[in-house]
Amino acid sequence: MVRGLSRARGLLDGIPHRRAGSSASGHGAEDAVAGYVRMLAGGVRPDAYTFPSLLKAVAAARGASAAAVGGAVHAHVVKFGMESNAYAASSLVVMYAARGDGAAARAALEACPASGGGASVLWNALISGHNRSGMFGLSCCAFVDMVRSGAMATAITYVSLLSACGKGNNLLLGMQVHKRVLESGVLPELRVENALVDMYAECGDMDAAWVLFEGMKVRSIASWTSVISGLVKSGQVDQARDLFDRMPERDTVAWTAMIDGYVQAGRFREALETFRYMQFCRVRADEFTMVSVVTACAQLGALETGEWARIYMSRHGIKIDVFVGNALIDMYSKCGSIERALDVFKDMHNRDKFTWTAIILGLAVNGRAKEAINTFYRMLRALQAPDEVTFIGVLTACTHAGLVDKGLEFFLSMTETYKIPPTVVHYGCLIDVLGRAGKLKEALDKIEEMPMKPNSTIWATLLAACRIHGNSEIGELAAEHLLELDPYNSTAYILLSNMYAKSNRWEDVQRIRQAIMEKGIKKEPGCSMIEINGMIYEFVAADRSHPMSKEIYSKLEKVLTDLRNAGYVPDVTEVFVEVTEEEKQKVIYFHSEKLAIAFALLTLESNMTIRIVKNLRMCLDCHNAIKLLSKLYEREVIVRDRTRFHHFRHGSCSCKDYW
DNA sequence: GTAGGGTTAG
């Protein structure tokens with residue numbers, strides 16, 4: 001037994017140690033192994049019931065060390081002669097398959113000479129293990145082999161297999177399985193019926209899902225939830241809400257599906273409202289719910305609500321698992337609070353590629369390019385393979401910091417070192433890197449070298465760079481391509497006109513304005529959001545809908561007077577409506593971010609940072625005005641625009657006027 | 001061995 005103990009201690013060494021006072025979680029494997037060690041120390045011999053629960057905990061852990069622990073537990077299974085026990089063996093199968101090690105899973109299955117029901121359990125384990133690692137094709141192959149081996153398919157087999165068809169978006173296969181289910185005689189069986197509804201809903205065949213759902217004699221909450229998720233997936237959130245309201249009862253999963261439905265639809269405020277209603281109905285939230293809630297906060301830039309969500313989690317015993325942690329990193333980053341994002345990152349020891357990618361992106365958009373790149377190297381050292389999104393992060397860092405050579409190097413390494421083919425989005429980043437640095441000709445050459453057809457974003461990026469550098473020759477070319485792909489693209493006209501203004505080609509400016517009028521091209525309305533005391537307020541330009549509108553406008557008048565006295569001169573070069581100079585000034589005075597700031601000055605404590613989220617690029621005039629305001633009022637202002645953050649402090653901006 | 005809800009970009 002002593003030897004068993006020392007071996008088990010060795011087991012524990014493989015799992016990262018918990019830090020004192022750390023709020024991060026994911027200690028299931030650690031606790032389970034510790035319990036196992038105590039059990040051995042107490043002289044208790046593990047039996048058929050020991051390994052399934054131990055392996056379940058170990059299978060949930062991630063990373064290289066967790067894999068080593070899994071192997072060590074496997075050794076104990078063999079040592080105690082449990083390899084031929086169908087339950088212990090099937091737990092091994094799940095663990096390996098869930099980790100993506102299909103060969104080891106198969107080996108564990110074959111090492112167990114089970115027959116009858118025992119064989120079904122093993123094959124079911126293989127199918128569900130493959131599902132967990134997202135290898136849905138392998139799940140289906142496993143089923144084929146199962147049938148070939150003569151093992152009986154059970155209800156659970158069909159449930160797992162249908163789940164694979166749904167998640168793998170394989171409707172044709174799903175329909176074949178459906179046929180088999182009808183022949184198999186397992187129906188009526190609620191779990192299988194639910195799995196069928198879910199498969200059709202996941203595959204987007206809502207008609208089939210409805211027919212099955214309506215034909216069910218008995219429905220569970222899961223039946224309703226599958227249809228709700230299917231409706232959300234097919235873009236019918238309001239219909240999903242109707243169904244949600246008609247449900248006889250709702251559990252945590254159903255509420256989460258509805259909240260997440262709003263998130264998927266980009267209706268973040270309704271997501272938060274629904275979450276509040278969920279609490280009102282006294283349904284407890286869990287980790288899944290909080291991921292959606294925190295994601296909604298991230299998109300809204302709602303830092304206060306996000307902070308509140310974090311407190312809610314610690315009060316209600318909701319763990320910061322890897323999903324929640326990743327969502328929190330993203331939320332803090334998108335709220336311009338990169339320090340807190342880093343705190344969450346440091347507390348997480350179960351990091352996956354999403355974790356690394358989220359923090360790299362967060363650092364990049366918050367203007368900390370060097371750290372973003374260093375973090376990328378740390379990620380490699382942690383043996384975490386980057387994916388195509390990670391590269392968007394590092395390329396974004398290069399763009400914002402003007403690191404042209406580094407950007408090119410990363411871009412080339414994608415294909416050469418990492419075998420990740422660049423997508424049109426990566427080309428977009430590359431064009432941005434080159435363009436912002438003024439290498440417009442090189443950028444154009446890259447576009448011509450692209451293996452795919454450049455989309456409108458590519459040309460818009462080049463055009464934006466031409467505007468910054470006043471190159472109307474390449475700019476016109478870019479605009480031409482952009483308008484060819486997207487004839488009513490207001491950005492094309494605006495940037496083109498901007499560029500002509502910059503190079504004093506006023507006749508051309510006039511021509512563009514005329515075209516804007518004649519074609520009836522409308523600029524996407526600028527909108528700024530601000531969160532005050534947990535409430536989200538939205539302003540559009542010249543907005544008068546706020547109940548405090550009167551006060552807001554008089555505050556803004558006062559602020560503008562102060563600014564003008566301090567030397568601010570309104571810059572109307574980016575105004576495109578055909579009006580007098582005086583009216584143009586009015587247009588920029590009432591831009592949405594200025595209104596939001598006036599409102600913030602009225603309502604926030606004087607030492608509080610003003611955080612604004614804007615849907616478009618900030619205009620030059622607002623940028624100038626806020627810079628001066630940050631100095632004059634000694635006030636920190638953070639504006640998140642469409643692509644980056646502007647941290648205004650002491651009269652300057654973190655973007656160094658380059659955006 | 002057990003269905004329904006979760007994270008990164010655009």
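The sequence lines fix the lettering, A, B, ..., with proteins before strands; numbering per chain opens at 1. The shown structure was predicted, so the numbers you read here are calculated from the model rather than taken from an experiment.
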Exercise. Do A/Arg378's NZ or CZ and the ring of A/Trp356 fall within the cation-pi criteria of under 6.0 Å and 45°?
Worked result: no
Exercise. Within 45° of the ring axis of A/Phe213 and under 6.0 Å from its six-membered ring centre, is that where the NZ or CZ of A/Arg219 lies?
Worked result: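 The answer is yes, since A/Arg219 meets both limits relative to A/Phe213.
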Mind checking [X] for me? I need base, sugar-phosphate or nothing, with any heavy atom below 4.0 Å counting as a touch.
X: A/Glu202; answer: sugar-phosphate
X: A/Ile228; answer: nothing
X: A/Thr355; answer: nothing
X: A/Lys334; answer: sugar-phosphate
X: A/Ser120; answer: nothing
X: A/Val324; answer: base
X: A/Val159; answer: sugar-phosphate
X: A/Glu193; answer: nothing
X: A/Leu361; answer: sugar-phosphate
X: A/Asn194; answer: base

Among [options], the one nearest [X] by side-chain distance:
X: A/Asp260; options: B/dT7, B/dG1, B/dG4; answer: B/dT7
X: A/Val253; options: B/dA9, B/dG4, B/dT7; answer: B/dG4
X: A/Ala125; options: B/dG10, B/dG5, B/dG1; answer: B/dG1
X: A/Asp330; options: B/dG5, B/dA9, B/dG1; answer: B/dA9
X: A/Ser91; options: B/dG1, B/dT7, B/dG4; answer: B/dG1
X: A/Phe354; options: B/dT2, B/dT8, B/dG5; answer: B/dT8

Please evaluate the base of [N] for a donor-acceptor partner in the side chain of [X] within a cut-off of under 3.5 Å?
X: A/Asp321; N: B/dG6; value: yes
X: A/Thr154; N: B/dG1; value: yes
X: A/Thr256; N: B/dG5; value: yes

Exercise. Heavy atoms, side chains only, cut-off 4.5 Å: are A/Arg250 and A/Thr225 in contact?
Worked result: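 No, every pair of side-chain atoms sits at 4.5 Å or beyond.
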For this session: Please name the residue in the list A/Trp224, A/Phe244, A/Phe288 that meets the ring pair (Phe, Tyr, Trp, His ring centres under 6.0 Å) test with A/Trp255.
Result: A/Phe244
Think [X] has a side-chain N or O under 4.0 angstrom from the OP1 or OP2 of [N]?
X: A/Gln299; N: B/dG10; result: no
X: A/Thr295; N: B/dG6; result: no
X: A/Arg132; N: B/dT2; result: yes
X: A/Lys167; N: B/dG4; result: yes
X: A/Ser163; N: B/dG4; result: yes

I need the [atom1]-[atom2] distance between [X] and [N], as an integer number of Å.
X: A/Ile359; N: B/dT7; atom1: CD1; atom2: C1'; result: 13 Å
X: A/Leu243; N: B/dG4; atom1: CG; atom2: P; result: 17 Å
X: A/Phe143; N: B/dG1; atom1: CZ; atom2: C1'; result: 15 Å
X: A/Asp251; N: B/dG4; atom1: CG; atom2: P; result: 13 Å
X: A/Phe323; N: B/dT8; atom1: CZ; atom2: P; result: 11 Å
X: A/Glu287; N: B/dT7; atom1: CD; atom2: P; result: 14 Å
X: A/Arg191; N: B/dG1; atom1: CZ; atom2: C1'; result: 11 Å
X: A/Asp198; N: B/dT2; atom1: CG; atom2: P; result: 16 Å

Exercise. Roughly how far, to the nearest 0.5 Å, is the CZ atom of A/Arg132 from the CE atom of A/Met95?
Worked result: 11.5 Å
Exercise. Without hydrogens or angle criteria, can the side chains of A/Asp432 and A/Thr461 be said to hold a donor-acceptor pair below 3.5 Å?
Worked result: no
Problem set entry | Lys/Arg N to Asp/Glu carboxylate O, A/Asp145 vs A/Arg148, below 4.0 Å | yes
